[in-house]
Amino acid sequence: MKLPDKTTTIEAAIARIKDGDSVMVGGFGVPGTPMTLIRALVDHGARDLTLIKNDANEPDMGIDHLLQSGQVTRLITTHLGLNAHAIALMNAGKLDVEFNAQGILAERIRAGGAGLGAVLSDIGIGTELAQGKQVVDLAGKPHLVETALRADVALIHAERADTFGNLAYTGTAQNFNPLMAMAADCVIAEVETLLPLGALTAGEVQTVGVFVDHVAELETLSEEYAVVQR
Amino acid sequence: MKLPDKTTTIEAAIARIKDGDSVMVGGFGVPGTPMTLIRALVDHGARDLTLIKNDANEPDMGIDHLLQSGQVTRLITTHLGLNAHAIALMNAGKLDVEFNAQGILAERIRAGGAGLGAVLSDIGIGTELAQGKQVVDLAGKPHLVETALRADVALIHAERADTFGNLAYTGTAQNFNPLMAMAADCVIAEVETLLPLGALTAGEVQTVGVFVDHVAELETLSEEYAVVQR
Amino acid sequence: MSSAKDRMIARAAREIAPGMVVNLGIGLPTKVVDHLPAGFPVCLHTENGLTGIGPTLPPERADRNLIDAGGAYVSTVPGSAFFDSATSFAMVRSGRLDLTMLGAFEVAANGDLANWKIPGKFSPGVGGGIELAQKARRVVVLSTHTDRAGNPKLKAECALPLTAHRCVARIFTDMAVIDITPQGFALREIAQGRTLHEVAQATGAPLILPDAPPPTF
Amino acid sequence: MSSAKDRMIARAAREIAPGMVVNLGIGLPTKVVDHLPAGFPVCLHTENGLTGIGPTLPPERADRNLIDAGGAYVSTVPGSAFFDSATSFAMVRSGRLDLTMLGAFEVAANGDLANWKIPGKFSPGVGGGIELAQKARRVVVLSTHTDRAGNPKLKAECALPLTAHRCVARIFTDMAVIDITPQGFALREIAQGRTLHEVAQATGAPLILPDAPPPTF
């Protein structure tokens, strides 16, 4: 037996995305944001997208390109504080934004990836974020039903991968990537280094290849991946 | 700043367990079962324990010692198939056994470790395992409320650790260990090799030391850890 | 000539398509792996935390920390990965398992499966069985056609506690390959040396027979 | 003499006891770390996936993959660990965070905190704030005593959307250290050069004053 090969190119992978798709995008700030897949999605041009991402990056970086190109209708996120452009679009009614508590967004995505229907949590009870949510009593205490989130596509950035799609991350670039890599029907990973089977040891794997559909090695790392000069 | 030191001895750690405690025990078969902590708990003698463990090991191995010594009142588990002694105790009414679907037990423990109240799942709907469980409708489909599980104490086996309690596992010895290591008020890890701070790299850590209260290095690995001769 | 059981296992191995992620249940199903061609592109999953299962090893070459869910000492292949039990069943429940092969006490004509409990006689717990049966994209059963007493395992309805409802797609037995269809059991292939009448007699519910003589295995 | 703000931060640093796991919010709280003694036994957590935060690095020495939740380029210490966002908030929600220090727009006399939204003016999203405020074992606030217009930030009730109810235990300002008690705000320490009257005037709810002159910082 031999593990199947899932390698492809950035363009071939992104070509699978359709108008109206929901797309999860890894990253928290620059680390872990799949900058090259995002650029390819801009070039691809699919519209009416729902993005699910922790933050909106900064102006002229990461998913801000998709916001600027008008491809995004809806954004499910936790914080837009570093992207005034995203906030302006939201305030102008041109971008529908759903805010989640950060750890709850993580759990909703993980629940989707784990084939669960929802998690029950007391986070945000009595705040704006509880509005409209189903409430379930557990041992007399109210809990919010935080429904599982899945997407049509997940765009993932990893440091290393093998040809089966086993992934390993570095530093704080994990963030939402391992969770989103479980939670989409089509999981696409861009990777800095693609290794032959066996070069990533069984103990090093952080996202199991079973969850990953397509792996594409990056030819270069653009300036967007670099340390931000502020 | 320096990360706090949590090293102790097996006996000092086990001395914290009291009569009536709930105790999670890692392991699936031999791999990952904290054989030495279990033996110390037999010597310690705490009674009326609720154990939470995937399986009951095999006769004269692992938690079977605690069953034989009469210290266990209740066992929350998934499968006893390899331990006829455990099944006999259950059938004789001397051991209260609660069976869970394996992945649901894993999620219930993880939910406890993640500070969630429950997960909603459709696993086991229409089977015996659904009996007595609260049902919640999600988009018209019934889901079972699988409540979070926490314990007073978790007994963990890891291959390597540092003095802060960061843990790394090997092979199929992870199983329930990383989950239980999140889900108890007092988490005790026995480790094959204790390393100084920094010897386990930040990327190698599989259970973050923040979850772990006490780490004890094993002086020897008893025969119970060895390959089972059948 | 090989036994009907061996040929059943070899036939079941052909159910595995290139690129699949597959979980083989304890017992007969684990033997299926011996019938896959060398270099066949497949990923074998075991629920205790390993993808990419390599050959089973004798005790003297075994790694004490590397077993499958049945307790057999297994090995890795290039590209194997280790993970915890939550991640393992996340794969199963979220639909990443293309196929599982399970044993059975009873299979009903509507695909209901009972394979974990015989009240009063055998109740070791369900382990990972419910999730595999309920959530793998395709569930097939490997089983002798009848129990040791000669009673049919394929029945109109299951009498034993269910593992999962309407989950089984196909059954490989030592007598036949049988599909679950909206109309009930349908014979697709027959073991060498068996007659259609024999198979129908050993089946505890109506068996739809093909118009033409079925392929043999 | 150092500024009252600097002394507030230095005073807040003494709130950190040996062995604690601590999350320092964006802004003033992150500066607390500079006032911890070398070798002090503490574990700093940042919600984007790092325990064991080391010194902040200038761009030329920064690792592009190593930031804190505020986007500052940080470093590791021996024993640091990296993890994903679900694990990070599992720590927070399950009570493994001994202390968090947060900024505030408003704090109410019952401990209610508002620090994420000013309707119509500022609504970038709550990020990890709700979970930190609701679930850290101890929540303290670091804030100027009044806003830029001189209005009190400590109030009888919060007017802004809440981050969490009854979560704040203590407030460090440039004027005083104030505890939330069942009876409301209670002054514990006062900044050098300030009078009790000044602090009470700048506080938007009754302030319980000590019988004896309070310690200064």
Side-chain angles (χ1 to χ4, degrees), chain B residues 26 28-32 54-56 58 77-84 86-87 90-91 97-111 113 121-129 157 159 169-180 206-207 221 225-230, chain C residues 26 46-50 53 57-76 80 82-94 112-114 116-117 119-135 160-166:
Chain B
F28 187 127
V30 169
N54 175 66
D55 57 277
E58 300 179 39
T77 189
T78 78
H79 197 272
L80 307 179
L82 293 178
N83 190 342
I87 292 178
M90 172 179 73
N91 290 343
V97 177
E98 175 191 317
F99 286 117
N100 285 247
Q102 198 165 89
I104 294 302
L105 182 63
E107 287 295 330
R108 292 182 65 195
I109 294 167
R110 187 189 171 281
S121 154
D122 64 357
I123 294 297
I125 293 238
T127 74
E128 276 188 25
L129 272 77
H157 179 91
E159 187 190 47
Y169 308 93
T170 187
T172 57
Q174 279 189 58
N175 52 68
F176 283 76
N177 279 301
L179 310 168
M180 292 175 170
Q206 289 173 303
T207 287
L221 285 179
Y225 294 94
V227 170
V228 180
Q229 308 289 333
R230 291 192 180 93
Chain C
I26 299 170
T46 180
E47 61 266 35
N48 59 318
L50 168 65
I53 308 176
L57 299 178
E60 64 276 12
R61 290 178 49 217
D63 176 343
R64 66 186 164 88
N65 286 308
L66 198 46
I67 63 174
D68 68 12
Y73 289 94
V74 293
S75 55
T76 58
S80 285
F82 302 134
F83 40 86
D84 66 37
S85 297
T87 304
S88 187
F89 284 93
M91 295 173 194
V92 177
R93 285 190 310 264
S94 69
D112 286 358
L113 172 67
W116 74 283
K117 184 172 182 176
K121 275 174 81 174
F122 179 81
S123 57
V126 72
I130 289 186
E131 286 158 289
L132 291 168
Q134 194 176 329
K135 292 295 182 179
L160 296 172
L162 290 191
T163 307
H165 291 270
R166 299 173 179 276

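Convention: sequence-line order gives letters A, B, ...; per-chain numbering from 1.
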Where B:Ile123 and C:Arg93 come nearest, the two heavy atoms and their spacing: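 It is CG1-CD, 3.6 Å.
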Closest approach of C:Thr163 to B:Thr127 (non-hydrogen atoms, all atoms of both residues):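 C:Thr163 and B:Thr127 have their closest heavy atoms at O-CG2, 3.6 Å.
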Looking at [atom1] of [X] and [atom2] of [Y], how far apart are the two atoms once the value is rounded to the nearest 0.5 Å?
X	Y	atom1	atom2	result
B:Ile87	C:Ser123	CD1	OG	6.5 Å
B:Thr172	C:Asp84	OG1	CG	12.5 Å
B:Thr78	C:Glu131	OG1	CD	9.5 Å
C:Asn65	B:Tyr225	CG	OH	10.5 Å

Close side-chain approach of C:Thr87 and B:Gln174, heavy atoms under 4.5 Å: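 No, too far: nothing below the 4.5 Å cut-off.
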For chain B, the option from C:Val92, C:Val126, C:Thr76, C:Ile67 that forms the most heavy-atom pairs under 4.5 Å: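 Looking at each of C:Val92, C:Val126, C:Thr76, C:Ile67 in turn, C:Ile67 comes out on top.
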Name the member of [options] that forms the most heavy-atom pairs with chain C at distances under 4.5 Å.
options	value
B:Glu128, B:Gln206, B:Gln229	B:Glu128
B:Gly103, B:Ala106, B:Ala173	B:Gly103
B:Leu80, B:Asn175, B:Ile104	B:Asn175

Residues that C:Ser88 engages under side chain to side chain contact (heavy atoms under 4.5 Å, CB included), provided they are two or more places apart: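 Testing C:Ser88 for side chain to side chain contact (heavy atoms under 4.5 Å, CB included), a comparison that skips the adjacent residues, returns C:His45, C:Glu47, C:Phe83.
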Qualifying residues under side chain to side chain contact (heavy atoms under 4.5 Å, CB included), relative to C:Ala90, sequence neighbours excluded: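 Partners of C:Ala90 under the side chain to side chain contact (heavy atoms under 4.5 Å, CB included) test: A:Ala114, A:Met182, A:Phe211.
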Proximal component of C:Gln134, with respect to chain B [non-hydrogen, under 4.5 Å]: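 Only the side chain of C:Gln134 comes within 4.5 Å of chain B.
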Structural part of C:Thr46 lying under 4.5 Å from a heavy atom of chain B: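 Neither; nothing under 4.5 Å.
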C:Tyr73/B:Val227 under side-chain contact (heavy atoms from CB on, under 4.5 Å): CA gap, chis, key distance, verdict: CA-CA 8 Å; C:Tyr73 289 94; B:Val227 170; 3.6 Å; yes
Intermediate values then yes/no, side-chain contact (heavy atoms from CB on, under 4.5 Å), B:Leu129 and C:Ile130: CA-CA 10 Å; B:Leu129 272 77; C:Ile130 289 186; 4.1 Å; yes
Derivation and outcome, side-chain contact (heavy atoms from CB on, under 4.5 Å), residues C:Lys135 and B:Asp122: CA-CA 10 Å; C:Lys135 292 295 182 179; B:Asp122 64 357; 2.9 Å; yes
Positive for side chain to side chain contact (heavy atoms under 4.5 Å, CB included) with C:Arg64, one of B:Val228, B:Leu221, B:Thr170: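 Running side chain to side chain contact (heavy atoms under 4.5 Å, CB included) over B:Val228, B:Leu221, B:Thr170 with C:Arg64 returns exactly one hit, B:Leu221.
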Contact origin within B:Ala226 toward chain C - heavy atom pairs under 4.5 Å: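 When you check distances to chain C, only backbone atoms of B:Ala226 fall under 4.5 Å.
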